[in-house]
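This structure is a prediction, so every number in the text was calculated from the model and none was measured.
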Amino acid sequence: MSDDLLVLQAEAEAAIAQASDPRALDAVRVAFMGKQGRITGLLRSLGQVAAEDRKARGAAVNALRDRLDGVLSARQGVIDQAALAARLTAERMDVTLPPAPDARGSIHPISRTMEEMAAIFGAMGFTVAEGPEVEADWYNFGALNIPAHHSARSDMDTFYLPGDHEGYPLVMRTHTSSVQIISMLSEPPPLRLIVPGRTYRADHDATHSPMFHQCEGLVIDRGITLAHLKGCLTDFLRSFFGISNLPVRFRASYFPFTEPSMEVDIGWNRRTGELGGGGDWLEILGSGMVHPKVLANCGIDPREWQGFAFGMGIERVTMLKHGISDLRLFYESDIRWLKHYGASPFQPATLHEGV
């Protein structure tokens with residue numbers, strides 16, 4: 001190998017040895033081996049070498065290029081190993097340290113309320129029933145003794161859908177009472193069930209939503225009286241709110257599907273919002289004895305069987321229990337709000353002992 005090639009080899013190997021990272025090594029490769037590199041220039045100048053020396057000169061330049069390729073590859077391996085060692089050192093984990101806390105999810109207040117309702121009523125012997133959210137007009141209104149001229153059946157209050165079922169218009173159910181009808185038609189009495197679920201009405205403001213949740217309850221048996229209704233709901237409200245002496249008042253009202261019908265009020269303080277005291281009353285749910293026409297519509301003889309029914313808004317009782325002032329907050333998906341009002345997934349819904 002000629003002296004000039006030996007000098008070039010020494011310069012290239014020194015530059016390769018000094019390259020400490022992939023970018024610097026690539027710069028050396030381009031300087032010597034690239035399209036405008038020094039070795040590439042030597043190959044292009046072979047045409048100027050005498051014919052008798054051209055073959056030997058070309059072989060020497062190619063040998064130098066192959067040698068430098070090997071040196072570059074070896075240096076690339078060293079740099080890669082150093083980078084891997086540095087990464088392993090930086091990512092080393094001390095297994096003796098306590099684990100970093102993970103973000104823990106929360107159960108939505110509405111879901112937790114439904115779990116609590118199922119637990120409380122379950123202790124009274126109720127089962128949980130479910131049904132479709134798109135329902136025939138008959139199950140949602142007609143079978144419940146709601147007349148055709150009733151305001152609840154207007155387009156202003158109810159979402160009607162195209163099509164029909166067995167000749168009846170389709171609606172988004174306005175209450176879960178339709179599941180009570182389905183249950184009475186499909187199962188013989190006695191019955192004792194609650195129906196928590198989504199319902200839909202054309203309304204939207206701070207205390208109303210076009211989609212909301214209700215929990216309806218139904219008991220059908222022989223010898224059922226108002227005393228059973230009052231005892232059941234009083235025990236539920238005191239257990240749900242955790243107030244053993246919560247005042248509960250039953251007030252005469254009217255619903256097409258119950259007779260007699262009653263609104264249920266609980267004691268509260270209008271000024272402070274505190275439940276259980278203050279001398280004021282707050283309406284919280286509707287109830288009554290199942291209307292004989294409803295029983296007859298479901299093929300149940302009202303002379304043999306009696307029952308009571310009730311219904312409440314799940315958002316409403318949740319707002320009262322947790323002091324939430326705006327219904328719309330339930331559906332805004334604010335993680336901070338959910339973390340504050342949500343329940344731990346590791347803490348199951350339980351009854352309030354001693355209530």
Measuring only between side-chain heavy atoms, which start at C-beta, is [X] closer than 4.5 Å to [Y]?
| X | Y | result |
| --- | --- | --- |
| Asp80 | Val78 | no |
| Val171 | Phe159 | no |
| Pro256 | Phe141 | no |
| Glu263 | Phe255 | yes |
| Pro247 | Ile266 | no |
| Tyr160 | Leu170 | no |

*asked:* Looking at Asp26 and Arg29, is there a salt bridge between them, counting it only when a charged N and a carboxylate O are closer than 4.0 Å?
replied: yes
_Electrostatic pair Glu133-Arg198, nearest N-O below 4.0 angstrom_ = yes
*Could you tell me whether Lys321 sits above the aromatic face of Phe241, with NZ or CZ closer than 6.0 angstrom to the six-membered ring centre and within 45 degrees of the axis?*
no
*Given side-chain contact (heavy atoms from CB on, under 4.5 Å), test Ile314 with Gln214 step by step and report yes or no.*
CA-CA 5 Å; Ile314 293 178; Gln214 277 193 339; 5.6 Å; no
*Could you give me the CA-CA distance, side-chain angles and deciding distance for His175 and Asn140, then say whether side-chain contact (heavy atoms from CB on, under 4.5 Å) is met?*
CA-CA 7 Å; His175 45 201; Asn140 195 78; 3.5 Å; yes
*asked:* Ring-plane angle category for His108 and Trp337, please: parallel below 30°, perpendicular beyond 60°, tilted otherwise.
replied: tilted
*Passing candidate, side-chain contact (heavy atoms from CB on, under 4.5 Å) with Met312, options Glu216, Met117, His213*: Met117
*Taking Ser239 for the side chain and Asp235 for the main chain, is one N or O donor matched with an acceptor at less than 3.5 Å?*
no
*Hey, could you give me the CG/CD1 distance between Leu233 and Ile284, rounded to the nearest 0.5 Å?*
10.5 Å
*Do Tyr331 and Glu315 have side-chain N/O donor and acceptor atoms under 3.5 Å apart?*
yes
*Would you check if there is a donor-acceptor pair between the side chains of Thr113 and Thr318 at a distance under 3.5 Å?*
yes
